[in-house]
Amino acid sequence: RAKELDRNNFQFYSSDLNVRVMERMILESALRRALERQEFKLYYQPQVDVLSRSIVGFEALLRWYHPDLGLISPDKFVPLAEESGLIIAIGEWVLQTACRQTKAWHDAGLPPVRMAVNLSTRQFRPNLDQSIAAILLETGLEPCFLELEMTESILMRNVSENMALLRALTDMGCHLAIDDFGTGYSSLAYLKNFPLGRLKIDRSFVRDITSNPDDLAIAKIIIDMARTLRMQVTAEGVEAYEQLELLAGHGCAEMQGFLFSRPLPADKAQQLLRNGLTF
Ligand code: C2E
Ligand code: MG
Ligand code: MG
Ligand code: MG
C-alpha cells in the first residue's frame with residue numbers, strides 16, 4: 001500500500017478512506033515509539049466512599065502526550081494499541097507505574113488506598129498472572145491493594161482460560177471489577193461463576209438518572225444484584241449531587257465522577273489524598 005501512495009499522491013489524498021488509513025499508520029508508528037520516548041502519563045481519579053466522604057481508591061487512567069499532536073485520549077489510541085498488540089507492553093507500563101505510585105503513597109503514610117487498573121481483553125494471555133505477580137513483587141505493593149478492571153467480554157470469550165487466570169489473580173490477593181457494567185453481553189450465570197468483587201455501573205446509566213426512570217431502574221437492579229451476589233458496587237460518572245443522593249439512597253456506597261474530582265496527575269492526586277475531599 002505504501003508503494004501505491006508514493007506513485008500517486010493525489011489519488012491517495014483524494015480518498016477519505018486512504019486518509020484515514022494514513023492517519024492510522026502515522027498514529028500507530030508514533031504509538032510504537034511512545035513508550036521509549038516516555039510520552040505516556042497516568043492520571044488518577046479518586047473512588048469515593050460517600051458515607052465517610054473519604055477516598056478509598058484511585059483509578060489509573062492513561063494519557064498520551066504526543067509532542068506534535070498534543071493530548072490524545074485513550075478512547076482514540078487504546079483501540080489502536082489493542083489491534084497492534086502494543087497494549088501488552090503499554091499495559092505492563094501502566095501496571096508498573098500505578099503499583100509503584102500506590103506503594104509510594106502508602107510509604108509516605110497517606111491513607112492506604114487501593115489502585116484500580118484497566119485491563120484490555122488483549123492482555124488476557126496465559127502469563128498475565130505471572131507478569132502481575134512480578135510487578136507486585138518488584139514494586140512491593142501488597143496484592144490486596146490492586147484492583148483489576150475488565151469489561152464483560154472477559155466473561156464470555158475463552159471462558160475456561162480466563163476463569164483460570166482470574167482465579168490465579170484472586171488467589172494471589174488481587175481484586176477484580178467489571179467495568180462499564182450493563183453495556184456488554186455477559187450472562188448472569190457467568191457473573192456468578194467468576195470470582196468478581198465489584199460491578200461498576202456504567203456512566204451511561206448515571207447521566208440521566210434523575211430524569212429517566214428507566215436508567216434509575218437499571219441502576220437499582222445492578223445495585224440490588226451486586227448486594228445479592230455479595231459484590232461491591234461503584235457508580236461511574238457521578239457529576240451532580242442529585243445523582244449521588246439517588247444512588248446512595250438505593251444503597252450504592254462507592255462512586256467516582258467529576259462531582260468529586262476529575263482524573264489528576266500524581267502530585268495533585270496526592271494532595272487530594274492528604275487534604276481530603278470537599279463535596
Ligand atoms: P473507563 O475505565 O470506564 O474510565 C472512566 C472514564 O470516564 C475515564 O475516561 C474518565 O476520565 C471518565 N470519567 C470519570 N468521571 C466522569 C464524569 O463524571 N463524567 C464524564 N463525562 N466522564 C467521566 P478516560 O480517562 O478518557 O478513559 C476512557 C477509557 O479508556 C476508560 O474507560 C478505559 O476503558 C480506557 N483506558 C484508560 N486508561 C486505560 C489503561 O491504562 N489501559 C486500558 N486498557 N484502557 C484504559
Ligand atoms: Mg475503568
Ligand atoms: Mg467505565
Ligand atoms: Mg471502559
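Below, all heavy atoms of this structure are taken into account, side chains as well, without hydrogens, waters or symmetry copies. Numbers for residues simply follow the sequence, beginning at 1.
In this structure, the side chain to side chain donor-acceptor pair (under 3.5 Å) partners of Arg198, at least two apart in sequence or on a different chain, are Glu147, Thr234, Glu254. Every residue meeting the side chain to side chain donor-acceptor pair (under 3.5 Å) condition with Ser153, not counting sequence neighbours, appears here in chain and number order: Thr121, Thr151. In this view, Asp49 and Ser52 satisfy the side chain to side chain donor-acceptor pair (under 3.5 Å) rule, not counting sequence neighbours. Residues satisfying the ring-ring contact (aromatic ring centres under 6.0 Å, His included) test with Tyr43, not counting sequence neighbours, are none. Residues passing the side chain to side chain donor-acceptor pair (under 3.5 Å) test with Gln45 are Gln256, sequence neighbours excluded.
At a threshold of 4.5 Å between side-chain heavy atoms, the hydrophobic network of Ile, Leu, Val, Met, Phe, Trp and Tyr places Leu27 and Met25 in two separate groups. Residues Val206 and Leu216 are members of one and the same hydrophobic cluster, defined by side-chain heavy-atom contacts under 4.5 angstrom among Ile, Leu, Val, Met, Phe, Trp and Tyr.
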Run the numbers on Leu148 and Leu95 for side chain to side chain contact (heavy atoms under 4.5 Å, CB included), then give the verdict.
CA-CA 10 Å; Leu148 302 161; Leu95 278 161; 4.0 Å; yes

Run the ring pair (Phe, Tyr, Trp, His ring centres under 6.0 Å) test on Trp105 and Phe145 for me, step by step, so that the C-alpha distance in whole Å, both residues' side-chain angles and the decisive distance to 0.1 Å come before the verdict.
CA-CA 12 Å; Trp105 285 335; Phe145 291 108; over 10 Å; no

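Other residues, nucleotides and ligands contribute over 12 non-hydrogen atoms within 6.0 Å of the CD atom of Glu82. The number of heavy atoms from other shown groups lying within 6.0 Å of CZ (Arg227) is above 12.
Of all non-hydrogen atoms in Phe124 and Met150, the two that sit nearest each other are CZ-SD, 3.7 Å. Looking at every heavy atom in both residues, Ala98 comes nearest to Leu42 through N-CD1, 3.7 Å. Contact between Leu165 and Arg125 at its shortest, heavy atoms only, is CD1-O, 3.5 Å. In terms of heavy atoms, Ile132 sits closest to Met172 at CG2-CE, 3.9 Å.
Ring pair Phe260/Phe279 is perpendicular by interplanar angle, where above 60° counts as perpendicular and below 30° as parallel. Between Phe77 and Trp64, the two ring planes are perpendicular [angle over 60°; tilted spans 30° to 60°].
Side-chain atoms of Thr170 come within 3.5 Å of backbone N or O of Arg167 as a donor-acceptor pair. In this structure, Asn162 contributes its side chain and Arg157 its backbone to a donor-acceptor pair below 3.5 Å.
Side-chain N/O atoms of Thr210 and Glu242 include no donor and acceptor closer than 3.5 Å.
Taking a cutoff of 4.0 Å between a charged side-chain nitrogen and a carboxylate oxygen, Lys103 and Asp107 qualify as a salt bridge.
Listed by first and then second residue, the side-chain hydrogen bond (donor to acceptor under 3.5 Å, both in side chains) pairs that reach into residues 128-139 are Glu92-Ser131, sequence neighbours excluded.
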